[in-house]
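Scroll down for the structure; my scribbles are underneath it.
A quick note: this is a predicted structure, and the numbers were derived from the prediction, not measured. Lettering follows sequence order; numbering is per chain, from 1.
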There are 2 protein chains.
Amino acid sequence: MYQELIDHIRKFVALTDAEAEVLPGYIQVHSIKKKAYLLKEGQVCRWNYFVGKGCLRMFCINEKGTEQITQFGIENWWLSDYMSFDRQTASGFNIQAIEDAEVYAIAYEQQAALFTALPQMESYFRIVFQKAYAAWQVRLKYLYDFSKEENYLHFTGSFPGFVQRIPQYMLASYLGFTPEYLSELRKKHT
Amino acid sequence: MYQELIDHIRKFVALTDAEAEVLPGYIQVHSIKKKAYLLKEGQVCRWNYFVGKGCLRMFCINEKGTEQITQFGIENWWLSDYMSFDRQTASGFNIQAIEDAEVYAIAYEQQAALFTALPQMESYFRIVFQKAYAAWQVRLKYLYDFSKEENYLHFTGSFPGFVQRIPQYMLASYLGFTPEYLSELRKKHT
DNA sequence: CGGTCTCTTGACGGAGTTCAAAGCTAGTGG
DNA sequence: CCACTAGCTTTGAACTCCGTCAAGAGACCG
C-alpha cells in the first residue's frame with residue numbers, strides 16, 4: 001500500500017519513513033474496475049491521479065461523436081485534466097480505466113495542506129510536471145515531423161509491451177487516425 | 001529591470017522586495033536581436049528563458065529540410081527544451097528570436113541554488129509547469145479534434161493580435177500545414 | 001532602385017478518410 | 001464448458017483534404 005507512490009517520490013526527493021506515513025492523511029487509494037470512469041466530461045475534476053497498477057485513458061468526444069484519446073496513464077504516471085483541476089471548472093475530458101486499476105488520488109482541497117506538511121512534495125511535483133512537459137515537447141515534435149505511418153512505427157517500436165495491452169482502435173485513436181488505416185499499416189508491416 | 005519577471009512571480013507566490021533583490025544573483029538578463037539564436041540543434045540547452053519583451057520561436061528541422069515550429073514564446077512565458085535542459089543532453093530543437101527581445105535566463109547550474117535561496121521559487125515553478133502542461137492538454141485536444149481549417153480559425157480567433165506579429169509562413173508551420181494551404185484558407189475566409 | 005524574402009495561384013497527386021460489409025475474438029450466461 | 005452475441009478487426013472502393021511543384025506578384029531592406 002502506497003509503496004509504488006513512495007518509491008516514485010524517492011526517485012526525485014528525500015522522504016523519510018516517518019514522512020511517508022503522513023501521506024495517507026492527504027492521498028487516498030482508489031480501486032477501479034475496468035471501464036469505470038474517474039472523470040466525465042462536464043464534471044469539475046476534483047482529483048489528481050497517480051497510477052499504481054493498471055491503465056487509464058483520457059479522451060474527449062469530437063463533433064462527429066467519436067472518442068479521441070489524448071493520453072494514456074500507465075504505472076508511475078500522474079494523470080488528470082489539469083486545466084479543470086487547477087481552475088475547478090468543467091472538464092472537456094473523460095478519464096476511464098481500461099484495465100482494473102489501483103490509483104492514488106489527491107483531492108484539490110488537500111493539495112495545499114500536503115505541500116505545507118511535506119514541503120519536498122512541492123519540489124517533487126515541480127520535477128514531475130517539468131518532466132511531463134518535456135515529454136510533451138518531444139511528442140509534439142514527432143506528431144508534426146512525421147507521417148502517421150512513421151508515428152505508428154515509432155510508437156510500436158518504442159512501447160512494444162504497451163501496444164499489446166490495449167485494443168487496436170484505441171491505439172489508432174491515440175495516434176490520430178482511423179482503425180481502418182491502422183489495419184492497413186499492420187498488414188503492410190507484417 | 002526584472003520587473004516583468006517579479007510581477008509574474010508575484011501572481012503566484014509571495015515575494016518581498018528584499019527577496020526580489022536576490023534574483024539577479026541567479027537569473028541573468030539577455031538582450032537578443034531579431035533572428036539571433038538562443039539554442040541550436042545539437043547543443044546542450046543550458047538556459048531556461050522567460051520572455052520579458054519580444055517574441056521567440058522554437059522549431060526543429062524535419063527530414064525534408066523544412067522548419068517545423070512547435071512553440072512560440074511571448075511575453076510572460078517560459079521557454080526551453082526541457083528534455084535537453086533537464087538531462088543536459090544534445091537538443092533536437094532551435095530557439096530563435098523573431099523580434100528584438102529581452103529575456104531572463106536561469107542557467108542549469110544555478111537552478112538548485114535559486115531554489116535553496118528562495119524556496120517559494122520551487123513552488124512558483126511547480127505552478128508554472130502545471131499550467132503549461134494544462135495548456136498543452138487543451139492544445140492537443142484541438143490538434144486532434146479539429147481539421148486544419150478549424151484549427152486555423154480557432155487560433156486566429158483566439159489570438160488576433162499575435163497573428164499579426166508573425167509572418168504567415170510561421171503561422172502555417174506552427175499549425176502544421178503549408179503556406180500554400182494557409183493562403184487558400186485566408187482567401188476563403190475573406 | 002535591385003535583390004531577396006514572402007505571399008498567392010493553380011494543376012496534379014497521394015496519404016489517409018469514409019462507408020459498408022464480412023470475418024474474427026472474447027466475454028458472458030446458461 | 002460450450003454457444004451466442006457484442007465488440008473488435010479487416011477489406012476494398014470511392015472520395016477528399018491537403019501537400020508538392022512551379023511560376024508569378026508583392027513587399028521590404030540595404
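Aromatic ring pairs are classed by plane angle as parallel below 30°, tilted from 30° to 60° and perpendicular above 60°; the pair B:Tyr142 and B:Phe146 is tilted.
Closest to the side chain of B:Lys64, from the set C:dT6, D:dT20, C:dG16, is D:dT20. Of all nucleotides listed (C:dG10, D:dT9, C:dT18), C:dG10 comes nearest to the side chain of B:Lys187. Considering only the side chain of A:Thr178, C:dT17 comes nearest among C:dT17, D:dT9, C:dG16. Relative to the side chain of B:Glu180, the nucleotides D:dT10, C:dG16, D:dC21 differ in distance, and D:dC21 lies closest. With D:dT10, C:dT17, C:dT8 as the candidates, the nucleotide lying closest to the side chain of A:Arg186 is D:dT10.
For the pair A:Lys188 NZ and D:dT10 C1', the computed distance is 17 Å after rounding to whole Å. Atom P of nucleotide C:dG16 and atom OH of B:Tyr144 are separated by 13 Å, given to the nearest angstrom. Between A:Glu149 atom CD and C:dT17 atom C1' the separation is 16 Å, expressed in whole Å. For the pair A:Ile98 CD1 and D:dC8 P, the computed distance is 12 Å after rounding to whole Å. Put simply, CG on A:Leu182 is 7 Å from P on D:dT10, counting in whole angstrom units. Atom CG of A:Leu175 is separated from atom P of C:dG16 by 12 Å (rounded to the nearest Å). Atom CD in A:Gln168 sits roughly 16 Å away from atom P in C:dC24 (whole-Å rounding). Rounded to whole Å, atom P of D:dT16 lies 21 Å from atom CZ of B:Phe177.
Between B:Phe155 and B:Phe159, the ring centre distance stays below 6.0 Å. Checked against the 6.0 Å centroid threshold, B:Phe129 and B:Tyr82 count as a close aromatic pair.
The backbone N or O of B:Pro179 sits nowhere less than 3.5 Å from a side-chain atom of B:Ser183 that would complete a donor-acceptor pair.
Looking at B:Tyr2, B:Trp77, B:Trp78 one by one, the single match for ring pair (Phe, Tyr, Trp, His ring centres under 6.0 Å) with B:Phe50 turns out to be B:Trp78.
Contact between the side-chain N/O atoms of B:Tyr181 and the OP1/OP2 oxygens of D:dG19 is not found at any separation under 4.0 Å.
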